[in-house]
Protein chains: 2
Amino acid sequence: MIMKTETKPQETCPVKITIDLISGKWKPNILYYLGEDTQRFGQLQRKIPSISRRVLTLQLKELERDYLIQRKAYLSPLKVEYSLTQEGRSLIPILISMKQWGEVYLASR
Amino acid sequence: MIMKTETKPQETCPVKITIDLISGKWKPNILYYLGEDTQRFGQLQRKIPSISRRVLTLQLKELERDYLIQRKAYLSPLKVEYSLTQEGRSLIPILISMKQWGEVYLASR
DNA sequence: CCGCATCCCGTCTGATACTG
DNA sequence: CAGTATCAGACGGGATGCGG
């Protein structure tokens, strides 16, 4: 079948790795907005109103730890900006496929 | 940016929907093997040794509930077979992209 | 052969309040 | 403005045992 290349999924299944990196509750949204443009912490907060500061912080930290986004802090004016890294950007086509698949899926139910 | 079509991610973000459907701990593996061929319960168990019967059952039920796989029970011989549905099959290209992305990601660390 | 029931535990997330 | 601290609840998943 199509999916057969040669490696079997294992403890370090690449598919699982990819999923885990983006499957935080709000990570798709965050990546989406960062895909549009660099965003400040507060901007993300306003664009995703139901997320709490605490969780937004956590998700951003994880994304940063995983090299998908970059954090830049400024002192005056006091602000922090987040943007996608190369790796993060390379993920976007996959997010788009998932978005399209999800729309079809939703439409058929 | 690329990801921009017109819909914003919301409570029912299509990306999130898609991720949720496949982000069970063993779902990628299960889908992978079902992508190769129809599999019996016991076959899946042997191919994914570290999964318990309980969890395998749960994951299969969820995948079935979500229309990604089909369950067929036979009485003699006593067995149950699982296979991908149309919807499940349509997900495979995405899984492949994620697999490839994950491999590149792993290689670069 | 296949699956359900029960118990248990770690992780993730939310609410709320406090800080450089 | 952009976090941190603490507490509490929900949930996913592991271990084990019973059952059709």
Side-chain angles (χ1 to χ4, degrees), chain A residues 9-13 15-31 33-34 37-66 68-83, chain B residues 9-13 15-31 33-34 37-66 68-83:
Chain A
Q10 324 223 347
E11 289 312 299
T12 64
C13 167
V15 180
K16 196 66 181 47
I17 303 266
T18 309
I19 294 178
D20 288 345
L21 293 184
I22 58 181
S23 58
K25 184 161 181 188
W26 305 98
K27 286 184 185 175
N29 299 62
I30 295 172
L31 293 171
Y33 288 118
L34 292 185
D37 200 355
T38 292
Q39 305 279 340
R40 296 177 49 185
F41 187 91
Q43 291 182 295
L44 287 170
Q45 234 187 139
R46 274 185 300 279
K47 294 182 177 176
I48 316 174
S50 24
I51 193 173
S52 65
R53 270 206 302 284
R54 177 186 177 286
V55 174
L56 180 53
T57 303
L58 287 176
Q59 305 260 302
L60 287 170
K61 270 188 155 171
E62 289 182 18
L63 289 170
E64 194 193 0
R65 179 202 62 195
D66 297 335
L68 297 183
I69 70 175
Q70 255 172 351
R71 196 189 106 110
K72 280 182 200 156
Y74 300 87
L75 290 182
S76 85
L78 191 56
K79 63 175 180 177
V80 180
E81 285 185 351
Y82 293 92
S83 57
Chain B
Q10 324 221 350
E11 289 313 300
T12 64
C13 167
V15 180
K16 196 67 181 48
I17 302 265
T18 308
I19 293 178
D20 288 346
L21 293 184
I22 57 180
S23 58
K25 182 161 180 188
W26 306 98
K27 285 183 185 175
N29 299 62
I30 294 172
L31 293 171
Y33 289 118
L34 292 184
D37 200 357
T38 292
Q39 306 277 342
R40 297 177 50 183
F41 187 91
Q43 291 182 293
L44 288 171
Q45 235 188 141
R46 274 186 302 278
K47 293 182 177 175
I48 315 175
S50 23
I51 193 174
S52 65
R53 271 206 304 282
R54 177 188 176 282
V55 174
L56 180 53
T57 304
L58 287 176
Q59 306 261 302
L60 288 170
K61 267 189 156 173
E62 290 183 17
L63 289 170
E64 192 193 2
R65 178 203 62 194
D66 297 334
L68 297 184
I69 70 174
Q70 257 172 351
R71 198 189 106 111
K72 281 183 199 153
Y74 300 88
L75 290 180
S76 86
L78 191 56
K79 63 175 178 178
V80 180
E81 284 185 351
Y82 292 93
S83 57

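Note that this is a predicted model, so its numbers are computed, not measured. Chain A is the first sequence line, chain B the second, and so forth, proteins listed ahead of strands; every chain is numbered from 1.
Distance check: A:Lys25 NZ to A:Ser50 OG gives 8.0 Å after rounding to the nearest 0.5 Å.
By the side-chain hydrogen bond (donor to acceptor under 3.5 Å, both in side chains) test, B:Lys47 pairs with B:Gln39, sequence neighbours left out. Take A:Arg71 and apply the side chain to side chain contact (heavy atoms under 4.5 Å, CB included) test, not counting sequence neighbours, and it matches A:Glu64, A:Ala73, A:Val80, A:Tyr82. In terms of the side chain to side chain contact (heavy atoms under 4.5 Å, CB included) criterion, residue partners of A:Lys72 (sequence neighbours excluded) are, by chain and number, A:Tyr74. Taking the side chain to side chain contact (heavy atoms under 4.5 Å, CB included) definition, one finds that A:Ser83 meets it with A:Thr38, A:Gln70, sequence neighbours left out.
Put simply, NZ on A:Lys61 is 17 Å from P on C:dT11, counting in whole angstrom units. Nucleotide C:dT13 holds its P atom 10 Å from the CD1 atom of A:Ile30, rounded to whole Å. Nucleotide D:dG3 holds its C1' atom 17 Å from the NZ atom of A:Lys79, rounded to whole Å. Atom CG in A:Leu56 sits about 13 Å away from atom C1' in D:dC1, given to the nearest Å. Distance, A:Arg71 CZ to D:dA2 C1': 8 Å, rounded to whole Å.
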Base versus backbone protein contacts along nucleotides 5-20 of chain D [heavy-atom cut-off under 4.0 Å; B, S, -]:
BB------BBB--B--
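Closest approach of B:Leu56 to B:Leu44, counting heavy atoms only: CD2-CB, 4.1 Å. The minimum heavy-atom distance linking B:Leu63 with B:Lys27 is given by the pair CD2-CD, 3.7 Å. Nearest heavy atoms, A:Gly24 versus A:Pro28: O-CD, 3.5 Å.
Within 4.0 Å of A:Tyr82, counting heavy atoms only, lie sugar-phosphate atoms of the nucleic acid but no base atom.
A heavy atom lying under 4.0 Å from DNA chain C marks the following residues of residues 40-49 of chain B, by number: B:Arg40, B:Phe41, B:Gly42.
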